Amino acid sequence: MEQLSNKIKTHLTIKHGGIVTRPENIKQRLETTVFRIVLNPHDLVDCRTIEKNGSDGGGVADGGGGDQPVAAVGADVEANERQIGEKKTVGLTPMDATSFSALLPHTDLNPNFARSYVQRTPLTSMFCPSLQEHRPLSQAFAFLSSNITSKRTSLLKGSNVCGPVQKRNGVGKAFCAVGLGVYGENVIEHQSHSHATEDKVGVLLLNLGGPDTLNDVHPFLFNLFADPDIIRLPRLFQCLQWPLAKLISVLRAPKSREGYASIGGGSPLRKITNEQADALKTALKAKNLTANVYVGMRYWYPFTEEAVQQIKRDRITKLVVLPLYPQFSISTTGSSIRVLQSIFREDAYLSRLPVSIIRSWYKREGYVISMADLIKKEMEKFTKPEEVMIFFSAHGVPVSYVEDAGDPYKDQMEECIYLIMQKLKDRGINNNHTLAYQSQVGPVEWLKPYTDKVLVELGQKGVKSLLAVPVSFVSEHIETLEEIDMEYKELALESGIENWGRVPALNCASSFITDLADAVIEALPTASSTAMSTPRSVSEEDDLDPMRYAIKLFFGSILAFVLLFSPRMILAFKNNLF
Ligand SMILES: C=CC1=C(C)c2cc3[nH]c(cc4nc(cc5[nH]c(cc1n2)c(C)c5CCC(=O)O)C(CCC(=O)O)=C4C)c(C)c3C=C
Ligand SMILES: [Fe+2]
């Protein structure tokens, strides 16, 4: 039992600190359609795969750097070492299939969300009557869903990624798509920039979302912690996801609320993302592409599910999915794609919609240049720019994401920093730089070094001027406005750093938006793009069996007790780690 308890502790990963759940669950509940996976989470276009000038790229997982096309689909790719300048990075890292696990049935038990969602979201009100329906027992037990192991197994089965499923279009762009469980001919092809008049192009911007008001903080946090890509529990413990999410969101809410209060009483994310969507639409128009741009948030309004419903209503014929995270992480892009997968596989219309997903874009020249421009501009504000330490502060993730689940986030982050620094060097800027990770929460180990520790060390070492560069995210949000601008600044000044600066988030910087527009155009799927149906996994089948759920529930409860009252958890709560 003790061994088991230790294992659980090492698996439990919780970061930041309700009662609203996600709307896809309502949809699952109300729409009975044929189950067919159509949007495969591995149908992922990494912008690295797109050659800028359209020359023939070969399109195999060649591990080449720069603009070389690489098959950068996340799942089950063998680690492929790559040399970038003098820096060695891992180009293709294995991804854990749990990041794309199928449905999240445990949260659709939450009636509060259903009510709140329907009240607040007119778009879904057409489903409202069905909310009164009783669910079958098998679904009522669905919160015990456990798919980590089975997904991992299916992942391992398909370790050969790019060979048979890769196609290339006429201008030499190479793409690779891999199925989850079934690896077949599910390929997203790409076309040149001529668009048939009957095409109705949609771009779906994915983002995390944030509470609009202080009252939203608690339910927002609940949604976040109810996400199995945020709190990654071992299979047997997934029945704890929901109670744990409630517990942690209650514990985290006061601290979080304080943070949002200090930045004006809510998150600026919705407003900024909407502005980015408008700017992108305009930039696409300037490039002769008329497109509707939608915003889909993972944990708050407008939810991804709302955006998808609008896409359906608008009868979009081609869709490009663009997560607003430059680097891929299981906890961000991975989680959003998993939600999309669950929606798409249940819907006949969506299942036929040609879709391409830009899974990461930190390597794009336009993004790197935009970042370098912003850094240069801020550096010039210092009296002695050449003495400024460039301090990249990235959002952290638990170490287990990277080491156990194969999250490529850390490698991509390091490569991203390398590319930005190279760009600065090209402009004669040779300052020292460092990378640290911020925003840790919970009793687990996060990526190191930690931002707060490094700031203190730099101050002690005599660094006098420091320029903080937020790098995981392209909008201002609580972690730039509160954590960096207030907490870290204060800490840095206390530690001996005298001159503090912070690079603003890209927000709607025109070079950045223009580059996103290029990324969208390059990623446009052709009408002939096919979708692949993927069967339910063994564990999903299990999830429909009430007896198996009852057994899981029984053992899960015993283990939950051991876990929740373990000394490490108690200590974490006492030390305010949530
Ligand atoms: C285990 C928990 C979390 C992981 C892992 C995580 C990864 C992660 N998050 C972002 C970007 C954002 N996070 C935001 C808010 C936020 N994130 C978590 C938890 C995890 N994030 C919490 C609890 C919160 C709420 C705020 C708080 O209490 O600290 C936001 C929204 C900010 C806003 O303005 O509303 C963003 C954006 C990235 C990029 C990332 C991994 C790479
Ligand atoms: Fe976060």
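These numbers come from a predicted model, not from an experiment. We count ligands from 1, going down the list as the structure has it; atoms in each ligand are counted the same way.
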If we ignore angles and hydrogens, is there a donor and acceptor under 3.5 Å between the side chains of E479 and H395?
-> yes
Do S331 and D229 meet the criterion of a side-chain donor-acceptor pair at a distance under 3.5 Å?
-> no
So, does [X] use its side chain to make a donor-acceptor pair with the main chain of [Y] at under 3.5 Å?
X    : Y    : value
S475 : I272 : no
S336 : T333 : no
E476 : A505 : yes

So is [X] close enough to ligand 1, meaning a heavy atom under 4.0 angstrom away?
X    : answer
W300 : no
Y437 : no
E479 : yes

Of all the atoms in ligand 1, which lie at a distance below 4.0 Å from a heavy atom belonging to [X]?
X    : result
L221 : 23 (C), 25 (C)
G210 : 35 (O)
S267 : 33 (C), 34 (O), 35 (O)
L224 : 16 (C), 17 (N), 18 (C), 19 (C), 22 (C), 23 (C), 24 (C)
I478 : 32 (C), 33 (C), 34 (O)
F220 : 25 (C)

When you look for heavy atoms under 4.0 Å from ligand 1, do you find them on the side chain of [X], its backbone, both, or neither?
X    : answer
R252 : side chain
N207 : neither
V397 : side chain
F328 : neither

Given G209, S249, S331, P326, which has its nearest heavy atom closest to atom 5 (C) of ligand 1?
-> S331
Select the closest option to atom 8 (C) of ligand 1 among E258, H477, H395, judged by heavy-atom distance.
-> H395
Tell me, please, whether W242 has K246 positioned over its six-membered ring: NZ or CZ under 6.0 Å from the ring centre and within 45 degrees of its axis?
-> yes
Within 45 degrees of the axis of the six-membered ring of Y401 and under 6.0 Å from its centre: does R232 put its NZ or CZ there?
-> yes
Quick one: are the ring centres of [X] and [Y] less than 6.0 Å apart?
X    : Y    : value
W500 : F391 : no
F222 : F220 : no
F473 : Y325 : yes

Salt bridge (Lys or Arg N to Asp or Glu O under 4.0 Å) evaluation trace for K363 with E415 | CA-CA 8 Å; K363 272 187 154 190; E415 191 179 347; 3.0 Å; yes
Is there any N or O on [X] that sits under 3.5 Å from an N or O of ligand 1?
X    : value
Y409 : no
T332 : no
F473 : no
Y325 : no

How are the rings of W361 and Y367 set to each other: parallel, tilted or perpendicular (split at 30° and 60°)?
-> perpendicular
